[in-house]
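This report refers to the structure that appears directly beneath it.
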Amino acid sequence: MTYSGEVTVGGPADVHELKDLMITKIAVGPMNNNAYLLRCRATDEQLLIDAANDAEALLGMIGDDGIASVVTTHQHGDHWQALAEVVAGTHARTYAGREDAEGIPVPTDVPVDDGDVIRVGNVELTARHLVGHTPGSIALVYDDPHGHPHVFTGDCLFPGGPGRTTLPEEFNSLMGGLETKLFDVLPDETWVYPGHGNDTTLGTERPHLAEWRARGW
C-alpha cells in the first residue's frame, strides 16, 4: 500500500516504510492530533512523537515491544494528554524542548536544544528549535541516507502555512526559523509530518513563503 498520510480519528493508522525506518501515523483525540511511531528496522527500537490523546490507541499501536523514548513537540495540552499514561505503561524516556519542558506536566528526562540528536536504534533525528508557536517548539529532521529528508514539525508548519502565533514578533520568529532551519537547508522533496491533518512537502509549500510573510499568519 502506498503511504498517503491521510488518517482519521478512530480509523486505521498509515505506515510509511523507509529502508531504515518505519513511520506509523495515527490520529487521536477531539482536536485531530497526529501521533507518530518510529521504528528502527535494524534494532526494532521504537520512539513515539506526541502522546497526544487516547492512550489506549497509542499503546495498542506501540504493541508489546514498547518504546524507548517519547518526544513532545511542544507544551500545548492537546499534545500531551496521554503522555503520563504512555510513560507509565512503557517506562520510556521523555524528551521536549528545553523552553517548553516546564509547561508539560510529565517530567522531561532530556531537555532538547537546537541541533541535538535524538536516536531511535540506529536512526538519528536532529532537533530544530523553532520559536513562535511556543517558546520551546521543536521539529525533528530525519535525513534519510537512502532518499529525501523527513521532518516532523509539530504545530510549527502545516499545509498552507505556519502554526498559530499571537504577536507579530512571534510570527516573525517562527517564519525566520522555518526559513533558515528548514526551507533554506532542506530540499523540495522533504516530507513534512505535521501535528494535525495531512502531510505535505517543503516543495509544495515553498512557493508560498512570501505570501505567508505578506499576510502575517
Side-chain angles (χ1 to χ4, degrees), residues 5 16 18 20-21 23 25 33-38 40 47-52 69-76 79-80 93-104 108-120 122-145 147-165 169-197 199-206 208-209 212-213 217:
H16 204 170
L18 310 178
D20 295 337
L21 185 67
I23 302 167
K25 177 181 182 178
N33 285 76
N34 296 325
Y36 299 93
L37 181 67
L38 279 56
C40 171
L47 174 150
L48 181 68
I49 298 174
D50 282 345
S69 311
V70 56
V71 180
T72 303
T73 57
H74 64 289
Q75 65 179 309
H76 287 161
H79 289 260
W80 47 253
R93 294 185 305 274
T94 55
Y95 293 76
R98 186 178 299 277
E99 291 78 6
D100 271 14
E102 288 189 1
I104 300 169
T108 296
D109 297 323
V110 185
V112 178
D113 297 309
D114 188 63
D116 284 356
V117 172
I118 300 172
R119 291 177 174 83
V120 50
N122 296 340
V123 170
E124 294 187 347
L125 309 169
T126 301
R128 301 272 63 143
H129 181 204
L130 300 169
V131 182
H133 183 67
T134 67
S137 289
I138 53 172
L140 298 176
V141 179
Y142 169 50
D143 192 1
D144 186 353
H148 56 73
H150 300 256
V151 57
F152 302 86
T153 56
D155 284 3
C156 288
L157 179 64
F158 296 102
R164 180 183 59 81
T165 54
E169 53 265 36
E170 293 172 344
F171 171 78
N172 289 331
S173 174
L174 179 54
M175 281 297 301
L178 288 171
E179 288 172 343
T180 60
K181 296 179 181 181
L182 298 184
F183 284 97
D184 288 355
V185 295
L186 297 173
D188 284 350
E189 297 78 13
T190 301
W191 197 278
V192 176
Y193 305 82
H196 305 261
D199 300 353
T200 186
T201 65
L202 290 188
T204 300
E205 308 305 325
R206 192 185 304 276
H208 305 288
L209 289 171
W212 302 346
R213 282 278 191 186
W217 55 274

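Worth saying up front: this structure is predicted, and the values here are computed from it rather than measured.
- Counting heavy atoms from C-beta outward, Val112 and Arg98 have side chains that stay 4.5 Å or more apart.
- For the pair Leu130 and Leu178, the minimum side-chain heavy-atom distance is below 4.5 Å.
- To the nearest 0.5 Å, atom CZ of residue Arg93 and atom CG of residue Asp109 are 8.5 Å apart.
- Using a 4.5 Å cut-off on side-chain heavy atoms (C-beta onward), Leu18 and Ile23 make contact.
- Note that CD1 of Ile49 is 11.0 Å distant from CG of Asn34, once rounded to the nearest 0.5 Å.
- Ring pair His16/Tyr193 is tilted by interplanar angle, where 30° to 60° counts as tilted.
- With a 4.5 Å cut-off on side-chain heavy atoms, Arg213 and Asn172 count as touching.
- With respect to Leu47, the side chain to side chain contact (heavy atoms under 4.5 Å, CB included) criterion is satisfied by exactly one of Val70, Leu37, Leu125: Leu125.
- Using a 4.5 Å heavy-atom threshold, the side chains of His196 and His79 count as touching.
- The shortest heavy-atom contact between Pro159 and Asp199 is CG-O, 3.9 Å.
- Between the side chain of Ser173 and the main chain of Val131, a donor-acceptor pair closer than 3.5 Å is present.
- Listed by first and then second residue, the salt bridge (Lys or Arg N to Asp or Glu O under 4.0 Å) pairs involving residues 182-191 are Asp188-Arg206 (not counting sequence neighbours).
- Using a 4.5 Å heavy-atom cutoff, the side chains of Asp155 and Thr73 are not in contact.
- Annotation: side chain of Thr108 is not in contact with side chain of Thr72 (no heavy-atom distance under 4.5 Å).
- For the side-chain contact (heavy atoms from CB on, under 4.5 Å) test, residues two or more places apart in sequence or in another chain that qualify with Gln75 are Asp100, Ile104, Thr134, Pro135.
- Nearest heavy-atom pair across Ile138 and His129 is CG2-CA, 4.3 Å.
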Asp144/Leu21 under side chain to side chain contact (heavy atoms under 4.5 Å, CB included): CA gap, chis, key distance, verdict: CA-CA 9 Å; Asp144 186 353; Leu21 185 67; over 6 Å; no
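- Nearest heavy atom pair, residue His133 against residue Cys156, reads CB-SG, 4.4 Å.
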Please report the C-alpha distance between Asn33 and Asp50 in whole Å, then the side-chain angles of each, then the deciding distance to 0.1 Å, and finally whether the side chain to side chain contact (heavy atoms under 4.5 Å, CB included) criterion is met. CA-CA 9 Å; Asn33 285 76; Asp50 282 345; 6.0 Å; no
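- Ring geometry for Trp191 versus His148: interplanar angle under 30°, hence parallel rather than tilted (30 to 60°).
- Surrounding CD of Glu169 are more than 12 heavy atoms belonging to other residues, nucleotides or ligands, all under 6.0 Å away.
- At a threshold of 4.5 Å between non-hydrogen side-chain atoms, the residues Met175 and Leu209 count as touching.
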Trace of the side chain to side chain contact (heavy atoms under 4.5 Å, CB included) decision for Lys181 with Asp114: CA-CA 10 Å; Lys181 296 179 181 181; Asp114 188 63; 3.4 Å; yes
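- Between Thr153 atom OG1 and Glu205 atom CD the span is 10.0 Å, to the nearest 0.5 Å.
- Here the OH atom belonging to Tyr36 is positioned 11.5 Å from the CG atom belonging to Leu140, to the nearest 0.5 angstrom.
- Between Val141 and Arg128, the closest heavy-atom pair is CG2-CG, 3.9 Å.
- Nearest heavy-atom pair across Phe171 and Pro162 is CE1-CG, 3.9 Å.
- Across all their heavy atoms, Gly103 and Trp80 have their closest contact at O-NE1, 4.0 Å.
- With rounding to the nearest 0.5 Å, the separation of CZ in Phe158 from OG1 in Thr200 is 12.0 Å.
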